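One structure below.
Note that the structure is a prediction, hence the values are computed from the model and not measured.
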Amino acid sequence: MGIQDWSEDVILVNLSKEPSLSEDLKAVIDIVGKRTGCDVVIDFSEVDIVTSSSLASLLKLRKLLKDNGRLLTFCGVKHSTRNIFTLTGLDGVFEFADDQFVALASIQLARGGN
């Protein structure tokens with residue numbers, strides 16, 4: 001996993017495959033809990049499967065960010081992984097972008113270009 005400060009208020013996360021994915025998400029939740037003033041982009045390019053535990057962690061991260069008025073965007077989600085979100089009904093809960101550049105641009109636009 002890689003966690004980068006893309007800017008002062010945006011964290012870019014490149015997730016690992018399971019079983020490391022669950023641990024990666026716990027680390028991101030810890031960081032966001034301490035740094036409440038940041039938006040998060042999560043790149044799923046290396047992820048093939050998302051477990052129920054990881055889905056629960058993603059929902060926890062979304063709530064934490066939303067409670068602080070911050071944004072969460074997923075990018076690089078493979079078709080097979082996207083189907084997991086669709087089958088669980090979570091495709092309407094999370095924001096998706098094709099790649100990191102689109103995800104980062106969408107957050108910048110949502111924040112008024114700042």
Side-chain angles (χ1 to χ4, degrees):
M1 172 185 73
I3 298 177
Q4 305 169 40
D5 287 324
W6 190 77
S7 69
E8 267 186 36
D9 56 356
V10 178
I11 295 172
L12 177 60
V13 180
N14 294 295
L15 291 178
S16 305
K17 295 180 179 186
E18 287 287 7
S20 299
L21 176 60
S22 296
E23 292 303 316
D24 291 354
L25 292 172
K26 287 177 187 173
V28 174
I29 290 168
D30 288 343
I31 291 168
V32 170
K34 295 172 187 164
R35 257 181 84 183
T36 57
C38 62
D39 300 308
V40 177
V41 171
I42 298 182
D43 190 331
F44 280 78
S45 298
E46 298 297 317
V47 177
D48 295 317
I49 187 102
V50 179
T51 64
S52 58
S53 173
S54 293
L55 288 173
S57 293
L58 289 167
L59 287 166
K60 181 177 180 179
L61 176 61
R62 179 184 176 273
K63 181 175 180 353
L64 180 61
L65 288 163
K66 189 170 179 149
D67 287 351
N68 289 301
R70 305 312 294 187
L71 302 171
L72 173 63
T73 304
F74 299 161
C75 66
V77 181
K78 296 176 185 174
H79 181 72
S80 58
T81 307
R82 181 70 183 254
N83 282 339
I84 295 167
F85 289 101
T86 302
L87 290 171
T88 58
L90 295 175
D91 58 328
V93 172
F94 294 108
E95 296 294 322
F96 294 87
D98 291 337
D99 58 41
Q100 289 181 7
F101 300 108
V102 173
L104 293 165
S106 69
I107 284 178
Q108 188 173 17
L109 286 172
R111 295 280 171 220
N114 294 331

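You'll find the side chain of V32 stays beyond 4.5 Å of the side chain of N68, heavy atoms only. With a 4.5 Å cut-off on side-chain heavy atoms, L61 and V28 count as touching. The shortest side-chain heavy-atom distance between V41 and V13 does not fall under the 4.5 Å cut-off. Considering only heavy atoms from C-beta on, I107 comes within 4.5 Å of T73 through its side chain. Between R111 and L71, the closest side-chain pair of non-hydrogen atoms falls below 4.5 Å. The closest side-chain heavy-atom distance from R70 to D9 is below 4.5 Å.
In this structure, F94 and F85 have perpendicular ring planes: the angle between them is above 60°, well past the 30° mark.
Both I42 and L64 belong to a single network of hydrophobic side chains, linked directly or stepwise wherever heavy atoms of I, L, V, M, F, W or Y lie under 4.5 Å apart. One hydrophobic cluster, built from ILVMFWY side chains closer than 4.5 Å, cannot hold both I11 and F101; they sit in different ones.
Atoms CG and CZ, on L90 and R62 in that order, are 9.0 Å from each other to the nearest 0.5 Å. Here R35 contributes atom CZ and D5 contributes atom CG; the two are 4.0 Å apart, rounded to the nearest 0.5 Å. To the nearest 0.5 Å, atom CG of residue L25 and atom CG of residue L55 are 9.5 Å apart. The structure places CG of L15 at 7.5 Å from CG of L58, a figure rounded to the nearest 0.5 Å. To the nearest 0.5 Å, atom SG of residue C75 and atom CG of residue L104 are 7.5 Å apart. Here the CG atom belonging to D24 is positioned 11.0 Å from the CD1 atom belonging to I29, to the nearest 0.5 angstrom.
Listed by chain and residue number, D67 satisfy the side chain to side chain donor-acceptor pair (under 3.5 Å) test with K63 (two or more places apart in sequence, or in another chain).
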Decide yes or no on side-chain contact (heavy atoms from CB on, under 4.5 Å) for Q100 and N14, but give the supporting numbers first. CA-CA 10 Å; Q100 289 181 7; N14 294 295; 2.9 Å; yes

Derivation and outcome, side-chain contact (heavy atoms from CB on, under 4.5 Å), residues L72 and D39: CA-CA 6 Å; L72 173 63; D39 300 308; over 6 Å; no

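Between S106 and A103 the shortest heavy-atom distance is OG-O, 2.8 Å.
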List the atom pairs, donor and acceptor, that lie under 3.5 Å between side-chain atoms in residues 44-54 and the rest of the protein, sequence neighbours left out.
from	atom 1	to	atom 2	distance (Å)
S45	OG	D43	OD1	2.5
D48	OD1	K78	NZ	2.7
T51	OG1	E18	OE2	3.2
T51	OG1	S54	N	3.2
T51	OG1	S54	OG	3.3
S54	OG	E18	OE2	2.6
S54	OG	S22	OG	3.3

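The closest donor-acceptor contact from the side chain of S20 to the backbone of S16 lies at 3.5 Å or more, if one exists at all.
Sorted pairs that involve residues 82-105 and meet salt bridge (Lys or Arg N to Asp or Glu O under 4.0 Å), not counting sequence neighbours, are lacking altogether.
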